[in-house]
Amino acid sequence: MNPKSASVIKCFIQDIQRDLTDYQQLHQLLKVQHHNMLHRNGDKLTAMAEPHQQLIQQLQQRADQRTGLLNQLGMDNTPTSVNRLISALPDQYRQPVERKWIQLKDLVHSCMAQNERNSRLLMMQQDILTQVLHQDSDATYQPA
């Protein structure tokens, strides 16, 4: 393995660790967001919007960077390529990296599920609010 490839692989592995940390933080933010939505804490929701957005941007930039790293190694951005890369690692690195990759995938799925939960709650709240606000609108201008 040439030094450039080793450097690219090292960066790829470091990004996995960074993503683990950031996705754990995102998962917590999504739980707090859900709590604040349930309790209609608008000020807190507004205050957490910027950090939430910044974290998502960081994660997206890192995902884009990982795609670029895979491309530098002559691979495309697919689960098969990542599995091939991990399988090609020396034994001492393969299992820890594979465990972290699996953890990361599980954490991403947990964040997606929590985000979906938050979305459903928001839609339910919006439906209720719409019903309450327009409850009498049909009868307001009806002939007596």
Side-chain angles (χ1 to χ4, degrees), residues 4-90 92-144:
K4 184 176 189 299
S5 293
S7 174
V8 169
I9 292 169
K10 181 180 177 184
C11 190
F12 187 90
I13 293 168
Q14 289 170 337
D15 279 355
I16 291 172
Q17 183 58 51
R18 287 184 193 108
D19 270 3
L20 272 171
T21 301
D22 285 350
Y23 270 103
Q24 287 167 347
Q25 184 179 351
L26 179 61
H27 195 253
Q28 271 311 114
L29 270 173
L30 289 168
K31 286 181 173 182
V32 170
Q33 181 184 50
H34 189 267
H35 173 81
N36 286 328
M37 289 167 61
L38 273 175
H39 298 283
R40 297 174 306 283
N41 294 328
D43 292 342
K44 289 181 181 178
L45 285 166
T46 300
M48 66 186 297
E50 180 71 25
H52 187 137
Q53 191 62 33
Q54 287 176 351
L55 187 56
I56 289 172
Q57 285 175 347
Q58 280 179 283
L59 289 164
Q60 184 58 54
Q61 286 172 350
R62 209 170 298 122
D64 293 342
Q65 179 177 323
R66 248 193 324 278
T67 297
L69 294 171
L70 286 169
N71 291 338
Q72 287 179 43
L73 295 170
M75 303 172 141
D76 53 0
N77 184 21
T78 64
T80 304
S81 293
V82 174
N83 291 336
R84 275 191 10 238
L85 174 63
I86 292 172
S87 295
L89 294 173
Q92 68 211 43
Y93 301 111
R94 184 179 311 123
Q95 286 184 345
V97 171
E98 187 172 32
R99 271 194 307 272
K100 286 182 181 186
W101 184 250
I102 289 168
Q103 268 184 299
L104 180 58
K105 288 192 308 185
D106 290 345
L107 197 49
V108 167
H109 289 292
S110 293
C111 286
M112 290 169 66
Q114 184 64 50
N115 192 52
E116 179 64 29
R117 185 176 177 213
N118 291 1
S119 178
R120 283 192 311 270
L121 175 60
L122 184 60
M123 288 176 12
M124 284 176 20
Q125 288 176 333
Q126 185 175 358
D127 285 346
I128 291 168
L129 186 58
T130 299
Q131 288 174 15
V132 168
L133 290 176
H134 299 292
Q135 176 176 32
D136 294 331
S137 65
D138 292 337
T140 305
Y141 295 105
Q142 296 285 332

Exercise for the section: Over all heavy atoms of both residues, which pair between Leu70 and Leu85 is shortest? Give the atoms and the distance, please. Expected result: CD2-CD2, 4.2 Å

Problem - side-chain hydrogen bond (donor to acceptor under 3.5 Å, both in side chains) evaluation trace for Gln61 with Gln57 - result: CA-CA 6 Å; Gln61 286 172 350; Gln57 285 175 347; 5.8 Å; no

Completion exercise
To the nearest 0.5 Å, atom CE of Met37 lies from atom CG of Asn118 at 5.0 Å

Completion exercise
So ring pair (Phe, Tyr, Trp, His ring centres under 6.0 Å) across residues 50-70, not counting sequence neighbours, yields none

Practice task
Any ring pair (Phe, Tyr, Trp, His ring centres under 6.0 Å) involving residues 103-123? Give me the pairs, sequence neighbours left out, ordered by first then second residue.
Solution key: none

Practice task
Please check if atom CD in Gln95 has more than 12 non-hydrogen atoms from other residues, nucleotides or ligands closer than 6.0 Å.
Solution key: no

Problem - Side-chain donor or acceptor of Ser81 paired with backbone N/O of Asn77 under 3.5 Å - result: no

Handout entry: Residue Asp43 excluded, over 12 heavy atoms near CG under 6.0 Å
Key = no

Exercise for the section: Go through the structure and list residues passing side-chain contact (heavy atoms from CB on, under 4.5 Å) with Gln24, not counting sequence neighbours. Expected result: Leu107

Exercise for the section: Report the residues that fulfil salt bridge (charged side-chain N to carboxylate O under 4.0 Å, His left out) with Asp19, sequence neighbours left out, ordered by chain and then residue number. Expected result: Arg62, Arg66

Fill in the blank from the handout: Here the gap from Leu104 atom CG to Arg99 atom CZ, rounded to the nearest 0.5 Å, amounts to 14.5 Å

Fill in the blank from the handout: When rounded to the nearest 0.5 Å, the distance separating CD of Gln114 from CG of Leu29 is 11.0 Å

Fill in the blank from the handout: When rounded to the nearest 0.5 Å, the distance separating SG of Cys111 from CD of Gln28 is 9.5 Å

Practice task
Could you give me the CA-CA distance, side-chain angles and deciding distance for His34 and Leu30, then say whether side chain to side chain contact (heavy atoms under 4.5 Å, CB included) is met?
Solution key: CA-CA 6 Å; His34 189 267; Leu30 289 168; over 6 Å; no

Practice task
Decide side chain to side chain contact (heavy atoms under 4.5 Å, CB included) for Gln126 and Leu129; before the verdict, give the C-alpha distance in whole Å, the side-chain angles of both, and the deciding distance to 0.1 Å.
Solution key: CA-CA 5 Å; Gln126 185 175 358; Leu129 186 58; 5.7 Å; no

Exercise for the section: Assess whether atom CD of Gln92 is packed by more than 12 heavy atoms of other residues, nucleotides or ligands within 6.0 Å. Expected result: yes

Handout entry: salt bridge (charged side-chain N to carboxylate O under 4.0 Å, His left out) involving Glu98 - partner list, sequence neighbours excluded
Key = none

Exercise for the section: For Asn115, enumerate each residue passing the side chain to side chain donor-acceptor pair (under 3.5 Å) test, keeping only those at least two apart in sequence or located in another chain. Expected result: none

Handout entry: Interatomic spacing from CG in Leu55 to CG in Leu59 - rounded to 0.5 Å
Key = 5.0 Å

Exercise for the section: Evaluate the side chain to side chain contact (heavy atoms under 4.5 Å, CB included) criterion for residues Val97 and Phe12: first the C-alpha distance (whole Å), next the side-chain angles of each, then the deciding distance (0.1 Å), finally the verdict. Expected result: CA-CA 10 Å; Val97 171; Phe12 187 90; 6.0 Å; no

Practice task
Search all heavy atoms of Ala47 against all heavy atoms of Pro51 and return the closest pair with its distance.
Solution key: O-CD, 3.4 Å

Handout entry: Residue pair Asp64 / Gln60, side-chain donor-acceptor N/O under 3.5 Å
Key = yes

Exercise for the section: With rounding to the nearest 0.5 Å, note down the distance linking CZ in Arg18 to OG1 in Thr21. Expected result: 9.5 Å

